[in-house]
Amino acid sequence: MIGRDPNYSRPLQSTPSTRISCTRSHKYYDFCFINGSTILDPTTSTFFVADPASPPLVEKIKPYPRKFEISTMSGIKELILTSGPRGPKCQIQHNAPALVFSAGGYTGNVFHDFNDGFIPIFIITNSILHDQEPVLVISKARDWWVSRYGDLLRTFTKHPIINLDNDTANHCFTSASVGLMSHGLVTINPKLLHTPKTLVHFHGILDKAFRRNHHHSRTSDSQPRLVLISRTGGVGREMLNQNEVKQAAEKVGFEVVFVPSSTTDMHVAYNLLSKSHAMVGVHGAAMTHLLFMRPGSVFMQIVPLGTDWLANVCYESPARTMGLQYIDYRINVEESSLVDKYGKDDIVVKDPVSKMGSNWSMEIMKIYLKEQNVKLDLDRFNWFLKPAYDKAKIFMDKEG
């Protein structure tokens with residue numbers, strides 16, 4: 001988790017000698033603020049600040065909040081912020097600040113889309129830019145990404161997006177926030193915003209962006225609907241007896257549907273999740289769909305071996321903040337496919353915490369996230385399904 005920075009909730013303070021200020025003290029991100037008018041030359045990815053009374057200054061920044069991952073950051077475009085007596089001529093004037101960031105890196109993975117992108121945008125527009133509507137200046141703003149998330153982007157601003165990779169005109173802004181701030185994994189700290197807001201308020205933004213008035217078809221109005229997250233394609237953490245799990249859920253009384261794929265229209269996905277009463281799945285990126293669920297609905301996370309910490313910070317903590325009824329299903333050793341590969345007495349299976357130590361390396365990630373699948377003990381899992389059904393039924397009877 002990122003520690004508190006007193007500058008989160010207000011613009012970084014510039015010194016008398018410059019209007020460009022940067023903070024580089026955080027593990028996840030760098031952030032720069034241009035306090036006053038600035039001109040962007042997109043052909044050189046440079047922001048100019050006219051400051052004839054001060055010595056020239058140059059700052060460089062890669063505006064993506066995973067600076068601790070060298071390989072990821074190598075693909076992020078570097079921007080230049082410079083001050084001096086002269087800059088280029090303004091060609092397009094915007095009477096608004098710029099919010100500048102990259103949609104590169106892990107963009108396309110739903111967890112990172114929200115954790116590294118939209119939640120940090122929400123943080124900045126409710127802190128530094130709380131009383132302004134920014135122009136989004138985006139590197140790697142690919143057409144499919146803008147199309148997929150266009151309605152969500154429009155909840156932050158009415159201004160057209162500036163694509164930093166193919167624009168050639170010089171743009172002028174009243175100020176510029178360069179980079180995205182994070183409060184931690186899938187976290188919003190209300191104390192660091194201009195007015196206190198949480199993930200519940202962020203859910204309201206998603207509702208505004210994606211809700212459609214039509215109802216998702218249901219086979220029964222008397223059964224609570226459970227969305228079962230399906231992982232396929234050899235990516236790890238697959239539910240090997242998924243059909244049997246579906247049948248077990250139906251037996252206790254759920255109507256079971258599978259979550260839409262990663263290519264499903266966001267409005268369809270939101271409509272499905274927001275109209276459902278429970279969601280169950282193995283720890284993984286698709287569990288980020290908890291952000292679409294109504295407070296009071298049931299969220300059950302199946303936690304494979306070695307993923308306890310990730311499961312807690314990425315999904316359990318946000319689910320509780322959202323007001324979801326959280327159920328934690330930590331698999332037994334016999335339910336992990338790692339037993340077949342390493343044996344019950346190997347440290348990988350017997351003591352994942354000792355195996356990891358303090359180093360979440362690529363080797364460790366590969367073992368617990370890529371190599372491991374789960375086969376649930378249906379008798380044991382049924383003990384969790386029954387209370388999940390009872391909670392979901394009460395929620396459905398109350399909220400519809």
Student: How would you list, by chain and number, every residue that makes a side-chain contact (heavy atoms from CB on, under 4.5 Å) with Ser354, sequence neighbours excluded?
Tutor: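 Only Ile347, Asp351 meet the side-chain contact (heavy atoms from CB on, under 4.5 Å) criterion with Ser354.
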
Student: I'd like to know if the side chain of Glu335 and the backbone of Asn332 have a donor-acceptor N/O pair within less than 3.5 Å.
Tutor: yes

Student: I'd like to check Val49 versus Leu81 (side-chain heavy atoms, cut-off strictly below 4.5 Å). Are they in contact?
Tutor: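 Side-chain contact under 4.5 Å: no.
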
Student: Going by ring pair (Phe, Tyr, Trp, His ring centres under 6.0 Å), name the residues that satisfy it together with Tyr106, two or more places apart in sequence or in a different chain.
Tutor: His112

Student: If Ile, Leu, Val, Met, Phe, Trp and Tyr residues are connected whenever their side-chain heavy atoms lie under 4.5 Å apart, and connections chain through other members, are Trp309 and Phe111 in the same group?
Tutor: yes

Student: Would you call Arg294 and Glu399 a salt bridge, using N to O less than 4.0 angstrom?
Tutor: no

Student: Any carboxylate oxygen within less than 4.0 angstrom of a Lys/Arg side-chain nitrogen, looking at Asp30 and Lys67?
Tutor: yes

Student: Parallel, tilted or perpendicular: which fits the ring planes of Phe156 and Phe118, with parallel below 30° and perpendicular above 60°?
Tutor: parallel

Student: Where is the tightest heavy-atom contact between Val137 and Leu40, given as atom of each residue plus distance?
Tutor: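 Where Val137 meets Leu40 most closely, the heavy atoms are CG1-CD2, 3.9 Å.
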
Student: Under 4.5 Å side-chain heavy-atom separation, chaining through any Ile, Leu, Val, Met, Phe, Trp or Tyr, what else clusters with Val353? Say none if it is isolated.
Tutor: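 Besides Val353, the cluster holds no residue at all.
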
Student: What residues form a side chain to side chain donor-acceptor pair (under 3.5 Å) with Arg154, not counting sequence neighbours?
Tutor: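 Here the qualifying residues are Asp151.
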
Student: Do the rings of Phe173 and Phe47 sit parallel, tilted or perpendicular, given the 30° and 60° boundaries?
Tutor: tilted

Student: Using the six-membered ring wherever Trp is involved, compare the ring planes of Phe210 and Tyr270 and label them parallel, tilted or perpendicular (cut-offs 30° and 60°).
Tutor: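 Ring orientation, 0 to 90° scale: tilted.
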
Student: Report yes if the side chains of Glu59 and Ile20 come closer than 4.5 Å at any heavy-atom pair, otherwise no.
Tutor: yes

Student: Residues two or more places apart in sequence or in another chain: which of them pass salt bridge (charged side-chain N to carboxylate O under 4.0 Å, His left out) with Lys355?
Tutor: Glu363

Student: Establish, yes or no, whether the cationic atom of Lys27 lies under 6.0 Å from the six-membered ring centre of Phe68 and within 45° of the ring axis.
Tutor: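 Yes, a cation-pi geometry holds between Lys27 and Phe68.
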
Student: What pairs with Arg66 under side chain to side chain donor-acceptor pair (under 3.5 Å), at least two apart in sequence or on another chain?
Tutor: Glu69, Asp116

Student: Mark yes or no: Arg211 above the aromatic ring of Phe292, with NZ or CZ under 6.0 Å from the six-membered ring centre and no more than 45 degrees from the axis.
Tutor: no

